[in-house]
Amino acid sequence: MTTMTTVRGEPAADPAPTVGSHVRDYLGRVRGGDIGVLPAVLGLVVLCVVFSILRPSFLTAFNFANLLTQGAAVTLIAMGLVFVLLLGEIDLSAGYASGVCAAVLANLVTLQGYPWYVAAAAAIGTGVLIGFVLGFLVAKIGIPSFVVTLAGFLAFQGVVLMLVREGTNVSVRDTVLVAIANRNLTPVLGWLLAAVAVAGYAAVQLLRHRNRSARGLTTDPLAVVLARIGMLAVILGAAVHILNLERSINPLFVSLKGVPIVVPIIAVLLIGWTFVLQRTGYGRHVYAVGGNREAARRAGIDVDRIRISVFVICSAMAAIGGIVAASRANSVDAKTGGSNVLLYAVGAAVIGGTSLFGGKGRVIDAVLGGAVVAVIDNGMGLMGYSAGVKYVVTGLVLLLAAGVDALSRRRAAATGHR
Amino acid sequence: MTTMTTVRGEPAADPAPTVGSHVRDYLGRVRGGDIGVLPAVLGLVVLCVVFSILRPSFLTAFNFANLLTQGAAVTLIAMGLVFVLLLGEIDLSAGYASGVCAAVLANLVTLQGYPWYVAAAAAIGTGVLIGFVLGFLVAKIGIPSFVVTLAGFLAFQGVVLMLVREGTNVSVRDTVLVAIANRNLTPVLGWLLAAVAVAGYAAVQLLRHRNRSARGLTTDPLAVVLARIGMLAVILGAAVHILNLERSINPLFVSLKGVPIVVPIIAVLLIGWTFVLQRTGYGRHVYAVGGNREAARRAGIDVDRIRISVFVICSAMAAIGGIVAASRANSVDAKTGGSNVLLYAVGAAVIGGTSLFGGKGRVIDAVLGGAVVAVIDNGMGLMGYSAGVKYVVTGLVLLLAAGVDALSRRRAAATGHR
Amino acid sequence: ACGEDSGAGGSERTPKIGVILPDSASSARWETADRKYLESAFIAAGVQYDIQNAQGDKAQFQTIADQMMANGVTILMIVNLDSGTGKAVLDKAKSQGVATIDYDRLTLGGSAEYYVSFDNVAVGKLQGEGLVKCLADKGVKNPVVAELNGSSTDNNATLFKEGYDSILNPKYEAKEFVKGPDQSVPEWDNTQAGTIFEQMLTQERGKIDGVLAANDGMGNAVISVLKKNKLNGKVPVTGQDADVQGLQNILAGDQCMTVYKAIKQEADAAADLAVGLAKGEKRETGQTVKDPEGHRDVPAVLLTPKAIYLENVKDVVTDGFVTRADLCAGEFAALCAKAGVN
Amino acid sequence: MSATPLLELRGIDKRFGPVQVLRNVALSVHPGEVTALVGDNGAGKSTLVKCISGIYPTDGGEFWFEGRSVSVNSPRDASALGIEVVYQDLALCDNLDIVQNMFLGREKRSGLVLDEAAMEQLAAETLAGLSVRTVKSLRQHVSSLSGGQRQTVAIAKAVLWNSKLVILDEPTAALGVAQTAQVLELVRRLADNGLAVVLISHNMNDVFAVSDRIAALYLGQLVAQVKTTDITHAQVVELITAGRTGGLDLAGDPESAGVDR
Amino acid sequence: MSATPLLELRGIDKRFGPVQVLRNVALSVHPGEVTALVGDNGAGKSTLVKCISGIYPTDGGEFWFEGRSVSVNSPRDASALGIEVVYQDLALCDNLDIVQNMFLGREKRSGLVLDEAAMEQLAAETLAGLSVRTVKSLRQHVSSLSGGQRQTVAIAKAVLWNSKLVILDEPTAALGVAQTAQVLELVRRLADNGLAVVLISHNMNDVFAVSDRIAALYLGQLVAQVKTTDITHAQVVELITAGRTGGLDLAGDPESAGVDR
Ligand SMILES: Nc1ncnc2c1ncn2[C@@H]1O[C@H](COP(=O)(O)OP(=O)(O)OP(=O)(O)O)[C@@H](O)[C@H]1O
Ligand SMILES: Nc1ncnc2c1ncn2[C@@H]1O[C@H](COP(=O)(O)OP(=O)(O)OP(=O)(O)O)[C@@H](O)[C@H]1O
Ligand SMILES: [Mg+2]
Ligand SMILES: [Mg+2]
């Protein structure tokens with residue numbers, strides 16, 4: 001038999017990867033459907049191109065900066081929701097929870113005159129408390145999270161109403177709080193932060209590379225690691241450069257440039273939560289409980305504790321989202337966190353690639369999906385449709401973005417990946 | 001070894017059940033947590049008792065008849081949603097789909113002057129079409145149903161707006177359509193229908209019993225079957241009797257009695273869909289796809305067809321719900337099917353015991369859960385709270401009902417049932 | 001609808017007017033009336049414009065404002081969803097050198113050049129007076145009055161309530177009227193309004209003699225419940241907006257009155273001010289309104305609403321606010337003739 | 001042994017992303033015979049089965065059934081051809097009961113309505129033939145069954161139908177002594193009735209007890225397909241673990257051995 | 001054989017709703033010994049294991065560990081006592097990779113951060129010792145593994161830790177010839193190192209090859225617990241299938257046989 005010689009010589013384990021094999025592997029994975037963030041990014045690019053063609057003003061520094069602050073609150077809430085979704089649970093109350101926390105903030109800072117940090121701490125504390133109660137009801141009493149958070153959805157709506165005194169609105173005028181969503185970093189500070197981020201990423205990646213090679217484990221070739229670091233540097237550099245351009249309509253009148261303050265806030269939270277999910281035991285356990293709750297229980301993981309904790313994280317992030325929303329609106333009213341906020345936030349996480357069935361998702365999904373949602377909203381705002389048409393077109397555009405994503409993921413299923 | 005004798009004599013199969021063993025088994029199952037509709041019914045009873053104590057007017061024939069029509073639209077939509085939920089999918093657009101169908105109805109019947117049956121058929125046809133498109137996008141393109149139906153949620157909102165001419169109210173004055181949610185059967189007809197229902201149930205149960213005993217299969221004892229039939233007769237009889245009481249505020253002036261027309265409509269749909277799910281191959285396949293999609297595919301079931309079909313059923317039921325809503329409001333506007341309709345409908349299904357993860361649920365769940373939601377809304381309306389307090393109390397009451405349910409199901413998990 | 005002007009930072013900018021409407025669900029007027037009248041006024045004046053609707057979502061509202069400035073509007077006219085976001089938008093516009101007008105709703109603490117509106121408290125007063133008149137016509141003694149207020153999150157609803165309560169409260173105190181149930185309807189939702197009213201009727205065991213419904217849509221929901229109990233026409237119901245359905249209910253005798261706001265006048269007044277600003281003229285309004293938060297007098301145009309009863313339904317048609325064809329379709333032809341609508 | 005194979009695979013390739021799991025596999029299965037498919041853990045046996053039954057699309061190769069070239073793109077195609085499979089990962093619907101699982105996709109109906117009584121009766125008879133004695137009720141959800149009971153249900157499901165080819169992927173792994181004997185007997189009986197049977201097993205005793213032919217997979221390649229009588233226990237183990245064996249007279253069955261052409 | 005058993009169960013009852021699955025089971029497990037637990041499909045072996053490991057609450061009975069009465073209410077309690085279990089239904093997280101599954105619940109950390117490199121190295125060594133050669137990468141999700149590979153991961157996971165009692169529920173069911181041999185050797189080695197091992201298997205050859213004692217379950221009752229040397233192959237099969245056997249000198253091990261008192 002002629003085959004035997006070939007078979008005999010073949011090593012079972014992979015050989016040490018080279019740049020070439022790495023690229024080949026990546027292409028193989030893409031062809032095989034395992035493409036990570038690619039589909040969401042693709043959907044985003046398609047949207048941006050379409051809008052830029054239809055409305056040239058879409059592609060201006062002014063609009064880019066707007067985009068970032070417009071999507072901030074939904075993105076922050078979506079980041080928290082990722083944790084809940086990772087467990088296959090849902091939090092319908094996240095939107096109004098953010099409203100409650102924002103109302104607490106406004107109440108303390110405006111009506112009671114506390115300093116901003118006390119108010120902000122109280123708002124986040126309220127979020128933590130809300131999350132704990134929700135999580136407790138889900139994990140310990142055993143009510144399905146859909147029902148618990150539907151009850152929360154209703155109750156918190158009422159709480160906001162009561163906190164803002166039945167329908168009036170409470171202004172937020174504290175300069176620090178208002179700055180969050182309305183002011184920018186100085187250009188120099190923007191560059192500095194970008195540099196720190198790139199340097200930090202490089203350090204982590206290179207250390208990891210050295211550690212793994214030292215132990216003789218397979219690792220990506222150094223060139224690939226360096227290429228990744230380079231790519232990050234280019235992207236961040238471009239973004240900071242654009243945001244540091246003058247974008248005031250009337251620059252003589254007022255100067256407007258720099259990275260909006262919410263951006264580093266989101267970046268820090270993104271990095272922090274990604275670290276928690278990917279590099280700590282807690283994060284590992286979240287994935288395990290989401291993937292197979294019974295297996296996690298059998299492995300000795302305290303499943304109830306994990307379940308409660310994700311609701312706490314989710315509501316705390318909702319609180320931060322609420323603070324940003326209050327800052328952007330300069331006020332809090334009974335609708336803060338209402339209307340489409342929740343559906344947009346869940347939609348953002350799902351579009352980014354997080355599964356509603358648990359076990360699959362990353363914090364960056366929320367950011368990418370949040371960007372898709374923000375781009376749609378932003379772009380639609382430039383089109384000037386009447387109310388009915390606008391809803392319809394928004395729905396269709398959302399479908400388009402998700403369709404690009406789905407079609408590029410399709411082969412995944414065909415080739416047995418999930 | 002003393003044990004051997006006992007072991008030896010024990011038959012592996014169950015002996016033919018007797019009434020005694022049946023009752024014992026049932027108690028065993030209840031103690032073991034496998035309790036079917038009991039928890040939802042229990043939650044319902046608790047709510048009714050609480051409200052009756054707080055507001056004696058809750059427990060009047062007048063209010064009972066109100067309750068039935070108030071909950072009808074949400075219940076109908078929830079019945080359709082059960083199919084989608086059985087597959088582990090979600091339809092966020094069901095609320096506005098009902099709005100679109102209602103708007104089509106109102107448009108045809110009022111603005112274009114078509115007869116009611118043409119308009120109703122067109123409305124249901126619109127529902128079928130909507131469902132087909134949603135299902136196609138989910139099953140064939142592979143976009144997650146959350147995203148597809150979120151897009152539908154937005155787009156349909158716009159379509160309703162356009163159909164009702166950007167926000168006006170379109171009246172529905174056709175007497176037949178208005179009758180659906182506003183008129184009653186004559187008392188005699190009510191009794192007749194109840195009798196037919198009981199007789200039909202008895203025939204099915206007794207035939208089944210005879211068929212199974214003839215084949216030598218285990219079957220419930222005849223006494224138990226008869227008891228079940230008797231129970232149904234008592235419940236239906238009581239309901240018809242109460243609804244046939246005079247409930248007019250001014251009986252001299254106008255007489256108001258009989259079973260509201262929506263009730264037999266819901267009953268027929270409940271029986272019909274339950275038949276489809278429990279007794280036909282299609283229903284079996286729905287459960288199979290929901291329980292384990294891959295296993296269903298391997299068994300040769302056309303999974304895509306099933307997935308599309310449930311969306312069609314869901315949207316068609318939403319259309320019927322929309323017609324009932326239009327009838328009740330005597331008009332259609334941009335909010336028909338909006339606000340809390342969707343969350344209430346999904347909540348109704350889930351409270352009734354349908355799982356969001358697929359594979360578990362019945363159409364009766366939607367009716368029971370719909371009753372819980374309607375009772376809460378109805379009871380809260382009697383309490384006269386201010387808006388904020390009302391939201392909070394509604395949330396808490398929902399939690400109470402679900403908590404009763406969850407606690408009575410708890411032992412299920414503890415004893416290894418699901 | 002909008003021009004292709006994306007010149008950022010140019011000193012010579014073509015004037016362009018941006019309008020942000022609040023929503024389309026709380027009232028039909030924004031999309032059906034205001035948009036139409038503003039558009040025709042702008043076209044007549046030959047200025048560029050961009051009209052958008054925030055759909056009741058204040059994040060959207062701000063986004064649209066940002067987008068309009070990105071698109072190069074020089075005059076911004078807003079109907080705020082609440083004073084907070086309204087103020088944020090106005091302040092941002094001001095910092096960009098964009099002139100602003102408050103349309104229909106005053107932004108407290110804001111910085112708008114002008115304020116154009118109906119007097120919402122006056123609307124409420126008309127409703128209150130209307131109900132009193134209708135109850136008097138029916139000759140009911142000690143009537144129980146139910147109040148179905150607008151969305152508790154809408155400041156206008158609060159102003160309406162302030163108006164009709166200023167009429168009704170003295171009646172309650174004088175024991176001429178009996179105060180019945182008084183509830184807000186979330187989001188002005190007509191379906192919920194129906195349920196809420198049905199429960200009021202249950203709780204009062206049918207003893208409700210007059211309903212103050214805050215707008216025509218909710219009035220219609222009330223009427224459908226009354227019809228079910230064969231009480232329609234016997235219990236007077238108020239409304240607001242003078243939409244086709246409300247007017248038809250009046251013609252049918254099921255609704256006692258509605259409040260007509262001549263939106264065309266309001267839109268024309270606002271458009272005139274905006275066009276003036278676009279041409280670099282600052283027009284005089286001759287009237288001001290005190291902004292209690294901002295402590296300033298805002299130049300204002302205030303229009304007066306009008307109560308509509310069966311007798312003067314024809315005025316609304318004469319005004320062109322609704323067409324005869326719409327109002328008098330089918331079974332209403334005869335009623336129209338009877339009411340003198342032609 | 002009949003001349004034309006019932007199923008013939010030629011040059012089947014299958015890759016998952018960058019990983020090639022099957023390479024140029026050629027296999028022929030004859031009616032009336034039990035073909036044992038052996039191979040180490042991860043050799044690709046289950047993947048091959050899933051390619052045959054249409055669960056995975058192949059990346060290359062031909063598929064001949066009863067002398068005709070066919071393409072199988074889904075499990076429905078496979079069962080239309082008359083192929084029944086017991087999968088290693090069973091694939092039962094946990095939310096359905098035993099009877100419902102056994103008749104899934106082929107429910108018996110009387111008119112529109114499912115004929116539950118007929119199905120229950122037939123299921124009871126089939127299971128009794130497989131030595132299942134500890135199942136409390138046929139109306140029990142399969143989620144509450146023991147490992148062996150689940151496996152028996154899956155086997156019973158596959159043999160209920162009139163098929164031409166039955167593939168069993170490690171069917172006796174979880175079975176007790178008596179049940180294993182019953183299943184092996186059943187396998188032999190199916191082949192004797194003229195069906196083609198493919199049996200995957202790690203148990204050499206079982207393989208030698210029932211099979212007519214043995215096909216060995218090694219790292220995704222079919223390294224031998226020989227008559228059971230032409231090979232010894234030790235040689236098979238060597239094929240499995242090393243992909244080759246000395247002293248094997250493959251010429252004894254020239255048309256099916258020596259795969260790579 | 002040491003005098004006090006490591007684990008002693010007395011009168012364990014377990015019912016699922018109306019179905020009684022375990023009746024008055026008494027079992028003792030000694031350190032340094034392999035106790036084989038045998039029984040027909042559905043006899044209750046896996047249920048007994050799950051009761052021991054705290055997955056199912058029992059309905060009655062006592063639980064003695066190292067001579068002390070303990071109560072085990074969750075798998076965490078069991079692992080705190082030093083009990084490791086390989087479940088028949090494996091219980092791996094499909095969305096995690098091999099290394100992540102092996103260290104689940106006992107991740108190695110350096111400071112706050114997971115020490116991935118150390119875990120990967122240790123996992124690679126353990127798996128190599130179990131003859132796993134076809135796994136492409138340790139960073140593969142377990143959902144993409146073959147049946148045997150999954151089972152090996154589950155076994156590797158259980159033996160990584162310093163435990164006192166290892167329970168393996170049909171660990172070799174899906175394993176190949178070489179892998180089975182490795183696992184049996186491992187089982188023996190664990191016992192020789194002084195651990196107590198409970199091995200559930202339907203394969204009598206394996207049972208007789210490694211066990212010191214055999215306990216037989218029949219319809220939820222423990223019908224015998226005897227030394228392996230005191231019983232024959234045929235007698236065990238009879239115990240499994242009929243719950244009794246003739247000619248068995250149970251007096252040879254009086255303290256653990258004869259269960260129902
Ligand atoms: N979906 C998949 N993605 C990637 N690799 C896979 C996938 N499915 C299987 N594999 C790999 O393909 C190889 C063959 O797997 P297969 O299940 O066919 O083995 P097997 O011969 O059935 O083994 P066993 O005897 O253990 O059941 C294994 O190395 C496995 O890791
Ligand atoms: N959750 C449950 N609900 C009801 N019955 C159950 C449940 N789990 C197991 N059983 C029943 O308990 C009995 C024992 O099951 P168990 O899994 O312990 O058997 P086993 O001895 O491990 O069998 P096998 O050798 O097939 O693995 C079986 O008859 C099974 O149907
Ligand atoms: Mg396999
Ligand atoms: Mg078992």
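Proteins come first, then strands; the chains are lettered A, B, ... in the order of their sequence lines, and each starts at number 1. As a basis for the values below, the full set of heavy atoms in this structure was taken, side chains included, without hydrogen atoms, waters or symmetry mates.
- Nearest heavy-atom pair, E/Leu22 versus E/Cys51, reported as atom, atom and distance to 0.1 Å: CD1-SG, 4.1 Å.
- Put simply, the side chain of E/Ile214 does not reach to within 4.5 Å of the side chain of E/Leu239, judged on heavy atoms.
- The shortest non-hydrogen separation linking D/Gly39 to D/Ile240 is C-CG2, 3.7 Å.
- Considering every non-hydrogen atom in both E/Leu222 and E/Ala26, the closest pair reads CD2-O, 2.7 Å.
- Residues E/Val86 and E/Ala158 share a closest heavy-atom pair of CG2-CB, 3.5 Å.
- Among D/Val21, D/Leu175, D/Val177, the residue with the largest count of heavy-atom pairs under 4.5 Å with chain E is D/Leu175.
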Distance-only check: which donor-acceptor pairs of chain D and chain E lie under 3.5 Å?
from, atom 1, to, atom 2, distance (Å)
D/Asp40, OD1, E/Gln179, NE2, 2.8
D/Asp40, OD2, E/Arg133, NH2, 2.2
D/Asn41, O, E/Thr134, OG1, 2.8
D/Asn41, OD1, E/Gly176, N, 2.9
D/Asn41, ND2, E/Ala174, O, 2.9
D/Gly42, N, E/Ser146, OG, 3.4
D/Arg133, NH2, E/Asp40, OD2, 2.2
D/Thr134, OG1, E/Asn41, O, 2.8
D/Ser146, OG, E/Gly42, N, 3.4
D/Ala174, O, E/Asn41, ND2, 3.0
D/Ala174, O, E/His202, NE2, 3.4
D/Gly176, N, E/Asn41, OD1, 2.9
D/Gln179, NE2, E/Asp40, OD1, 2.8
D/His202, NE2, E/Ala174, O, 3.4

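- Counting all heavy atoms, side chain and backbone alike, E/Leu104 lies closest to E/Cys93 at CD2-SG, 3.8 Å.
- The greatest number of non-hydrogen atom pairs below 4.5 Å with chain D, out of E/Ala173, E/Ala178, E/Gly147, E/Ala174, is found for E/Ala174.
- Atom CG of D/Leu190 sits about 11.0 Å away from atom CG of D/Leu199, to the nearest 0.5 Å.
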